[in-house]
Amino acid sequence: MEQYKTGKWTEEELRQGLQKAAEAEEIPEKLQPEQMEFWLRQKTRKNGKDQQRTRGNGRDHMKEKRDEKKRSYRRWWCGTAVTAAAAALVLFAAGHSIDWKQGMKLEESVKEEKKQDLAAEGENPADPESEKTEGVTYQELYQAFSDIWKEQEEIEIASQDRGVMFETKESEEDTKDMAVEESGSQSSTSSKEASKSYGKTNQQEKNVEEADIVKNDGRYLYQVVYRDRDHKYAVQIIDTGEELENAAMAGEFDNEISEIYVWKDKLVVIETGWINETEEEEIQEEEGSIFEMIKGFAEDVFAARKVAAQETAYSRIHVYDIKDRRNPREYHTFTIKGNYRDSRISDGYLYFFSGCNTYRPRLEKNYKAYVPEMDGEPLSPDRIYLPENPDAASYLVMASINMAKPDEFTDTAAIVTAADRFYVSERSIYVADSQHFEYGKTGIQNDSTRIYRFSYQDGKMKKEAEGTVKGLLRDDMAMNEQNGYLRLVTTVEQQKVEEIVDDITGEVIGTDSVEFETSNSLYVLDKKLKVAGKIENLAREEQIYAARFMGDIGYFVTFRQTDPLFSVDLSDPKHPRILGELKISGFSEYLHFYDKDLLLGIGKEADENTGATEGLKLSMFDTSDPSDVKETAKLNLPEYEYAEALYDYKAVFIDTDKNLFGFYAEGYGEEYLCRYLLFTFQEGKFQEVMNIDCSDQRKYSYRVRGTYIDDRFYLLCENGKVEEYSLTDGGKLRELLP
């Protein structure tokens, strides 16, 4: 003991001392495994530590935050033979300090604890072997993830050897009428204000509201802002009444605000962030000189090393009461483990989707490592769906909230998948999971998409079907539901893989792709997600760039050197057929039905011979005869090379009733250009309404959005700057500085 206290023991001397001390101890007869298991459980606990992430500044900071969403989870394990031996001797030597006189009662306690564990995991405590009719058990999830974790660890080790970081696979009737009229963003305004026309979020389904970073209720504007001076995020509420002024700032967040909703008199703020979770073991003090010595040594070891450290993503849903726009009051906050993926509001309920990664825990009972959490509680296993042969150790977590009374989750569910594409109709939630080539496997392979369908009503969600189609979804608008059928278009990449054999030894030394081809397909799936109709092998060596469906007609664009715009007749779901194919220069990356017989395309011009892009391009297509679609107007914008609108449809401000659309565009020629472009379509031509120079990014920041109220147009900047313009003559009327 004296040697230990003075720290003069070597590791070998300590090992020998422990062995002699243990041999001198008499082993109690009732030192049974179940008793030791119970005692160990009582003496071990785990703690989590929340730590704020450091943040950078400006554009680099924003990019870093967005890149963090793709960051994989890393783990560090530690332990030595000495530590393991010490732990074993602690248990052995501590036998005398445990009261074994009530051995039978202890065994009953152990059995009762196991029953409680089984009940907590959704099993019948009276019959641990009984099978569940719904969901899975936590043990089944652990077993399903084990092989995937092992594979990820092997790849991570190999990647570290090469000096790179491994990224895991990752890894959007009266009440309805009111929702359409209000677009989820009307407030308690006067009848005069309610009659105003104003800009709304560009969304896929008319009756299904989508979140965005800018909202408009006809009087007040709302936008997510980032304040450089204190590195905080907030929601700016701007009054456009008699004065253009800040009405209030809702929230003050260290973490990024992804998107917001304004639903009647409620503001929903979706915050995303990370915390560091540390799993540690602490040995509780017991009487006895040997235990004290071992405990002291173990504490030294565990104090020097982390048993496991994890960086975990969390999403928080903050609901504010904004009946008084100048005094927003936080009403309730929900917390969901995982990265925010997408959300919708339909029929008065918020449906929320997040992606939750997992990691291998030291102990299977550490559910925190591999079970989703809602408000800090593990999700019940009967609400978790485990597909056959899962290929990802991650979840899509789903939750619903009643917006009329957002006090608690209405429903929660999760499915084991790395899915990250969503389409929500008025009846169903569709989730798409991309399945890529299985590298190293020989034969003909193609990528594919696994699709899950959930029905939803009054906030309740239920998994109804799953299916698979060839190819991958390349466009956010590539899925659409009508009359119970799901229509979708995919790009299919197929390869033939053969073994590489050593000419001399005949030994297989690897594999190689000897053939590779690309094509496109259209599929019609029934309610069970079985293929009802299809068209395959379209536009070889090209890929989908844009898609849109309206009624019985579908349109999609492929591209290699020219832009074929396909029109498809879907009136007979079992026998879809190509109606026409329009080939023009360039390609559209976003399609929008502008009028009954007009289809707007926003994309890029390209050289017909080389396919090299030559700036942005606007196209208007006449679809009065779907079998003979014509490009009736186009406007080339060669000075602009990039627009967020090409990749995020919410970045497109568009109101076909107002005959206005616009977006923020950038050019990288001799002079760097940043401008907000606003257009109308009249007399068969595109006409520019406004061209606002935003190149001074110290004033305008790096994100600019546009919206309107009646005859006023508003430019909103991420730093809080707001400008008001007249839609009559284009002149600037008022300005709000950050």
Side-chain angles (χ1 to χ4, degrees), residues 204-205 421 423-428 430-432 434-435 446-453 464-494 517-560 563-584 587-588 590-593 596-599 601 621-630:
Q204 189 169 5
E205 290 286 327
R421 281 192 181 270
Y423 164 62
V424 181
S425 70
E426 292 186 59
R427 299 178 179 85
S428 299
Y430 293 94
V431 179
S434 300
Q435 308 284 305
N446 60 262
D447 47 21
S448 61
T449 299
R450 183 181 294 176
I451 303 169
Y452 305 95
R453 183 176 76 86
E464 299 287 358
E466 62 181 272
T468 301
V469 297
K470 290 183 180 180
L472 303 179
L473 297 163
R474 299 282 185 179
D475 185 73
D476 289 327
M477 300 292 184
M479 289 189 285
N480 174 263
E481 180 191 81
Q482 178 164 303
N483 299 328
Y485 287 95
L486 176 68
R487 300 90 62 86
L488 67 158
V489 288
T490 66
T491 295
V492 183
E493 293 184 348
Q494 181 173 289
E517 64 179 35
T518 301
S519 63
N520 301 277
S521 298
L522 179 143
Y523 296 98
V524 182
L525 308 183
D526 62 19
K527 290 183 178 180
K528 297 298 182 182
L529 295 183
K530 304 298 182 184
V531 176
K534 63 182 178 180
I535 305 174
E536 297 181 314
N537 299 315
L538 290 164
R540 290 182 177 275
E541 305 310 317
E542 299 180 0
Q543 69 177 39
I544 300 290
Y545 271 72
R548 208 68 195 247
F549 297 85
M550 175 178 279
D552 291 333
I553 304 296
Y555 298 91
F556 62 95
V557 173
T558 64
F559 177 75
R560 186 181 183 185
D563 171 2
L565 172 62
F566 291 90
S567 53
V568 187
D569 181 0
L570 298 162
S571 57
D572 182 353
K574 296 183 179 180
H575 301 95
R577 61 190 182 93
I578 298 294
L579 291 174
E581 178 182 345
L582 172 66
K583 289 190 176 182
I584 57 175
F587 56 91
S588 297
Y590 176 70
L591 296 173
H592 194 103
F593 292 105
K596 179 182 178 182
D597 296 325
L598 292 178
L599 179 65
F621 302 99
D622 180 352
T623 60
S624 56
D625 181 357
S627 65
D628 187 21
V629 176
K630 294 181 174 64

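When all heavy atoms are compared, the tightest approach of L488 to M479 is CB-CG, 3.9 Å. Taking each heavy atom of D475 and A547 in turn, the nearest pair found is OD2-N, 3.5 Å. Taking all atoms of both residues into account, the shortest heavy-atom contact from G601 to S588 is CA-OG, 3.6 Å. Here the shortest heavy-atom pairing between L570 and P576 reads CD2-CB, 3.8 Å. Counting all heavy atoms, side chain and backbone alike, L591 lies closest to A546 at CG-CB, 3.9 Å. Closest non-hydrogen pair, V629 versus P626, comes out as CG2-O, 3.5 Å.
Judged purely by distance below 3.5 Å, without hydrogens or angles, the side chains of Q482 and D552 pair a donor atom with an acceptor atom. In this structure, a donor-acceptor pair under 3.5 Å is absent between the side chains of T623 and D597.
For the side-chain contact (heavy atoms from CB on, under 4.5 Å) with N480, the qualifying choice from M550, R548, R487 is R487, the only one to do so.
The side-chain heavy atoms of V557 and I544, taken from C-beta on, include no pair separated by under 4.5 Å. In this structure, the side chains of T491 and E542 stay at 4.5 Å or more apart for every pair of heavy atoms. L538 places a side-chain heavy atom less than 4.5 Å from the side chain of F556. With contacts defined as side-chain heavy-atom distances shorter than 4.5 Å, the pair Y430/R421 does not qualify. Contact of the F593 side chain with the L598 side chain is not registered, since no non-hydrogen atoms from C-beta on lie closer than 4.5 Å. Within the 4.5 Å cutoff, the side chain of F549 has no heavy atoms near those of the E481 side chain. A heavy-atom distance below 4.5 Å is found between the side chains of L579 and R577.
We find the CG-OG distance between N483 and S571 to be 11.0 Å, quoted to the nearest 0.5 Å. Taking CG of L486 as the start and NZ of K527 as the end, the distance is 13.0 Å to the nearest 0.5 Å.
With respect to R540 and E517, a salt bridge is recorded, a charged nitrogen being found less than 4.0 Å from a carboxylate O.
For S448, the side chain to side chain contact (heavy atoms under 4.5 Å, CB included) test picks out Q435, N446, T468, with sequence neighbours left out.
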| message | Quick one, L565 with I584, criterion side-chain contact (heavy atoms from CB on, under 4.5 Å). Give me CA distance, side-chain angles, the key distance, then yes/no. | response | CA-CA 8 Å; L565 172 62; I584 57 175; over 6 Å; no
| Does the pair R474 and E493 meet the rule for a salt bridge (charged side-chain N to carboxylate O under 4.0 Å, His left out), with working shown? | CA-CA 12 Å; R474 299 282 185 179; E493 293 184 348; 3.4 Å; yes
| request: Output, in order, the C-alpha distance, side-chain angles, deciding distance and verdict of side-chain contact (heavy atoms from CB on, under 4.5 Å) for Y590 and M477. | output: CA-CA 9 Å; Y590 176 70; M477 300 292 184; 4.3 Å; yes
| Could you go step by step and tell me if F566 and I535 meet the side-chain contact (heavy atoms from CB on, under 4.5 Å) rule? | CA-CA 12 Å; F566 291 90; I535 305 174; over 6 Å; no
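For the pair Y423 (side chain) and A432 (backbone), a donor-acceptor distance under 3.5 Å is absent. A distance-only check finds no donor-acceptor pair linking the side chain of R450 to the backbone of E466 [under 3.5 Å]. For the pair T449 (side chain) and V469 (backbone), a donor-acceptor distance under 3.5 Å is absent. Looking at S521, its side chain never comes within 3.5 Å of a backbone N or O of T490 through a donor-acceptor pair. Between the side chain of N520 and the backbone N or O of V489 there is no donor-acceptor pair closer than 3.5 Å.
Ring geometry, F559 versus F587: the interplanar angle falls from 30° to 60°, so the pair is classed tilted.
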